[in-house]
Amino acid sequence: MAFAMSMNFVDVVVSDSLKHYYVNGKRMGYQFDIRLSYYRGHFLSVIDAFGIKVDDFEVPTQNIKFCINGKEFSLCEFDKCYIEFWQVIEPATIRVFYPGGLPDGEHKIDVTLMFRSPYMPIGPDHQYMPVDSCGSKTLPITD
């Protein structure tokens with residue numbers, strides 16, 4: 001297994017942020033906020049792995065939108081987001097398409113977020129320090 005640096009400065013999943021989202025009055029899914037657990041911000045293009053599990057169910061990547069700076073991105077767009085900067089103090093909103101939404105109650109959210117630190121080379125051939133910014137939290141769903 002490869003080494004990854006982990007610096008837990010904040011909880012990745014933001015407390016009290018899990019809620020349903022609506023389109024034209026219809027419940028189309030849910031959303032929650034996450035923070036980068038690191039001491040500085042990074043461009044979205046350095047994200048190498050991103051995934052969500054809710055109640056131990058892996059959310060399909062095509063159902064996830066990453067919302068930041070007033071914009072919405074699909075996960076497959078990260079490698080092209082080399083000018084989209086995620087400030088360390090600004091949460092990103094994760095929006096999951098899930099018609100009907102989640103049932104009432106608490107839900108366990110697991111976030112996998114691995115990125116490379118572009119200013120920390122660790123080897124030849126453009127290898128950079130991998131950083132683990134994963135996190136989990138159980139939150140109640142609200143409207």
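Every heavy atom of this structure was used, including side-chain atoms; hydrogens, water molecules and symmetry mates were not.
- Residues T93 and Y21 fail the side-chain proximity criterion, which asks for heavy atoms closer than 4.5 Å.
- With hydrogens and angles disregarded, a donor-acceptor distance shorter than 3.5 Å links the side chain of D132 to the backbone of C134.
- Looking at K137 and L18, their side chains never come closer than 4.5 Å, going by heavy atoms from C-beta outward.
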Walk me through it: do Y30 and V59 pass the test side-chain contact (heavy atoms from CB on, under 4.5 Å)? CA-CA 12 Å; Y30 56 92; V59 177; 3.6 Å; yes

Report the C-alpha separation of S45 and D79 in whole Å, then their side-chain angles, then the decisive distance to 0.1 Å, and conclude whether the side chain to side chain donor-acceptor pair (under 3.5 Å) test is met. CA-CA 4 Å; S45 61; D79 64 337; over 6 Å; no

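- Separating the CG atom in L75 from the CD1 atom in I94 is a distance of 7.5 Å, to the nearest 0.5 Å.
- Tracing side-chain contacts under 4.5 Å through hydrophobic residues (I, L, V, M, F, W, Y), one reaches I34 starting from I141; they form part of the same cluster.
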Quick one, L36 with L113, criterion side-chain contact (heavy atoms from CB on, under 4.5 Å). Give me CA distance, side-chain angles, the key distance, then yes/no. CA-CA 9 Å; L36 191 60; L113 173 55; 4.1 Å; yes

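- Relative ring orientation between F115 and H42 is described as tilted, the plane-to-plane angle lying within the 30° to 60° band.
- Nearest approach of H20 to G101, heavy atoms of both residues: CD2-CA, 3.5 Å.
- F50 contributes atom CZ, which lies 8.5 Å from atom OG1 of T112 (distance to the nearest 0.5 angstrom).
- Transitive grouping of hydrophobic side chains (ILVMFWY, heavy atoms separated by less than 4.5 Å) brings Y98 and V13 into a common cluster.
- Nearest heavy atoms, W86 versus P91: NE1-C, 4.2 Å.
- Side-chain atoms of S37 never come within 3.5 Å of backbone atoms of S133 as a donor-acceptor pair (strictly under, hydrogens ignored).
- Between D143 atom CG and D104 atom CG the span is 7.5 Å, to the nearest 0.5 Å.
- Taking all atoms of both residues into account, the shortest heavy-atom contact from C81 to F43 is O-CB, 4.1 Å.
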In sequence, state the C-alpha distance, the side-chain angles, and the governing distance for C76 and T61, and then conclude on side-chain contact (heavy atoms from CB on, under 4.5 Å). CA-CA 8 Å; C76 65; T61 58; over 6 Å; no

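- Residue V12 is grouped with residue Y39 when hydrophobic side chains (ILVMFWY) are merged at heavy-atom distances under 4.5 angstrom, including chains of intermediate members.
- Considering all non-hydrogen atoms of both residues, A92 and F66 come closest at CB-CZ, 3.6 Å.
- Separating the CD1 atom in I47 from the CD atom in E77 is a distance of 12.0 Å, to the nearest 0.5 Å.
- A distance-only check finds no donor-acceptor pair linking the side chain of D110 to the backbone of D56 [under 3.5 Å].
- For the atom pair CG (D55) and NE2 (H107), the distance works out to 5.5 Å, reported to the nearest 0.5 Å.
- The shortest non-hydrogen separation linking V88 to R40 is CB-C, 3.7 Å.
- Side-chain contact between E106 and P140 is present, with at least one heavy-atom pair separated by less than 4.5 Å.
- I52 has its side chain within reach of F32: a pair of non-hydrogen atoms, C-beta onward, lies under 4.5 Å apart.
- The environment of Y82 atom OH is sparse: at most 12 non-hydrogen atoms of other residues, nucleotides or ligands sit within 6.0 angstrom.
- Counting heavy atoms from C-beta on, the side chains of V54 and L102 come closer than 4.5 Å.
- Taken to the nearest 0.5 Å, the CD atom of E72 stands 12.0 Å off from the CD1 atom of I64.
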